[in-house]
Every structure is written in structure tokens, then in C-alpha cells.
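What follows is a set of notes on a single structure, which appears directly below.
Every heavy atom of this structure was used, including side-chain atoms; hydrogens, water molecules and symmetry mates were not. Fair warning: this is a prediction, and the values are worked out from it, not measured in the lab. Order of listing sets the numbers, starting from 1, for every ligand and every atom in it.
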Amino acid sequence: MTKIVIFISGRGSNMEAILKECKNGILKGIAESVLVFSDKKEAKGLQTAENYGIETASISSKGKKRQEFDKEVITLLSNYKFDYIILAGYMRILSDIFVKKYSGKIINIHPADTNLHQGLHAYEWAFKNKMQETKITVHYVNEGVDTGKIIAQKTVNLQGCNTLEEVEKRGLNVEHKFYPETLKDVLEARS
Ligand code: GAR
């Protein structure tokens, strides 16, 4: 069974989708989460993870330099055995030190085509540009921001979306299925 650590910063709906699939769905017997970590103590998703019986931890990043914070996270992670770090709405850019340490083991979901849009506010970008469709991207994390090797992409139909909320709703619906499915493919190919 592949052991994963999930990183979140807030709501954690993608994390919950993954935990659900680990418990009783397509990731059952394939992946298990040994820890959910947040850089925000107040992240709502931490409680959700606890409700699933998953160990949680958080370290506040407030006022810390990127490398200094990431070193603390590496120290925390040294207490756990795991194969992959799954970023699920983790809004902090990872330092070179961190990415090098876990090279090839960090996977992220980005709510846009990473060839077209990197960084924050990807649904706002799609909405403002009146895009008829956008792509969700699951990719490996490298030293850049959303520049790592693409694992898989899934199109979201945005036709008829009149509000940003509608864009987000449609996108998240796709994310919640697509991320666990893609992880399944990656982990199965590995074993
Ligand atoms: C998701 O849409 C995720 O793809 C996005 O943040 C949201 C987190 O929601 N991630 C990024 O924008 C990363 N740059 P969640 O906490 O409910 O999963």
C-alpha cells in the first residue's frame, strides 16, 4: 500500500475526496494517508481529516522565510514513512530545498492548464477571459511555480457559466473525481 501525506491550506475538499476514495473507493487498498499537514492552523480541512481518523499537523508559516519554514516541515515529515506528498489546495510555494529533498514525489492539482496559467486565481482567470472550457492539471512539482511535468489533464465545460461561483462549482466537481483517478493511475503504474 502506498503511503501518502496530504498538504492543505484551507477548505480541503480535494483532500476529502482523496480520503473518501482511500477509505471506501477507488484508492482502497492502494493508498493510505499517514498525515494531513497544513501551513494554516485554522484550515477547515484539518477537522475534516480528523473526522476521517487521520493524523493531522500544522506549522504556522507566518513571518517565516520560505526555506526556514520548509526546513521545519522537513523535520516534521522525518517522523513519518511515506512515498508521496499530495498537494491539495496547498497555497504556499515550496522552496528549492523542499522540492529537491522529495524530488519526483510531490504531486499537485492546478485548476487550469499549467501551460496557460500558473499560480493563484485560476478560476477567476477562466471566468474573466470568458473561456468556454478550462483544463484541470495534475502534475509533478518541480522548482518552478506550476511548471512541473504534466501527469494528466481533464477538460471542464464552462459553457453557460454566468458567475465565478458556477465556474468554481463545475471545476471542483471535476477535480474531486479526477484527482483520485489520476493518483490511482500513478500509484498502480508504480507497483
Ligand atoms: C482547488 O481548486 C485547487 O485546485 C486549487 O485550490 C483549490 C483548493 O480547494 N489549488 C490551487 O490553486 C493551487 N495553485 P480545496 O481546499 O477545497 O481542495
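Ligand 1 has no nitrogen or oxygen under 3.5 angstrom from a nitrogen or oxygen of Y90. The N/O atoms of D146, backbone and side chain alike, include none that comes under 3.5 Å of an N/O atom in ligand 1. Checked by distance only, ligand 1 and N108 stay at 3.5 Å or farther apart across all their nitrogen or oxygen atoms.
Of the protein's non-hydrogen atoms, the one nearest atom 8 (C) of ligand 1 is G89 CA, 3.7 Å. Closest protein heavy atom to atom 12 (O) of ligand 1: P111 CD, 3.5 Å. Closest to atom 16 (O) of ligand 1 among all protein heavy atoms lies G12 N, 2.8 Å.
In this structure, Y102 has its ring center closer than 6.0 angstrom to the ring center of F82.
Between F37 and F69, the ring planes lie tilted relative to each other; the angle falls in the 30° to 60° range.
Using 4.0 Å as the threshold, L120 has no heavy atom nearer than that to any atom of ligand 1.
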For side chain to side chain contact (heavy atoms under 4.5 Å, CB included), just list the numbers for N142 and K149, CA-CA rounded to whole Å, side-chain angles, deciding distance to a tenth of an Å, and then say yes or no.
-> CA-CA 8 Å; N142 65 6; K149 184 173 173 247; over 6 Å; no
Could you please spell out the steps behind the salt bridge (Lys or Arg N to Asp or Glu O under 4.0 Å) verdict for E188 and K184?
-> CA-CA 6 Å; E188 280 183 339; K184 179 176 187 277; 3.4 Å; yes
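The closest side-chain heavy-atom distance from N115 to I150 is below 4.5 Å. Looking at E181 and E21, their side chains never come closer than 4.5 Å, going by heavy atoms from C-beta outward.
Proximity to E175 (heavy-atom distance under 4.0 Å) selects the following atoms of ligand 1: 1 (C), 2 (O), 3 (C), 4 (O). Set against the non-hydrogen atoms of R11, the atoms of ligand 1 under 4.0 Å away are 9 (O), 15 (P), 16 (O), 17 (O). Interface of M91 with ligand 1, defined as ligand atoms under 4.0 Å from a residue heavy atom, comprises 5 (C), 6 (O), 10 (N), 11 (C), 12 (O), 13 (C). For ligand 1, the atoms closer than 4.0 angstrom to any heavy atom of L172 are 2 (O).
Connection of I85 to Y80 is established within a shared hydrophobic cluster, with ILVMFWY side chains joined at heavy-atom distances below 4.5 Å, either directly or through further cluster members.
For K44, the NZ atom counts as loosely surrounded, since its 6.0 Å shell holds 12 or fewer non-hydrogen atoms of other residues, nucleotides or ligands.
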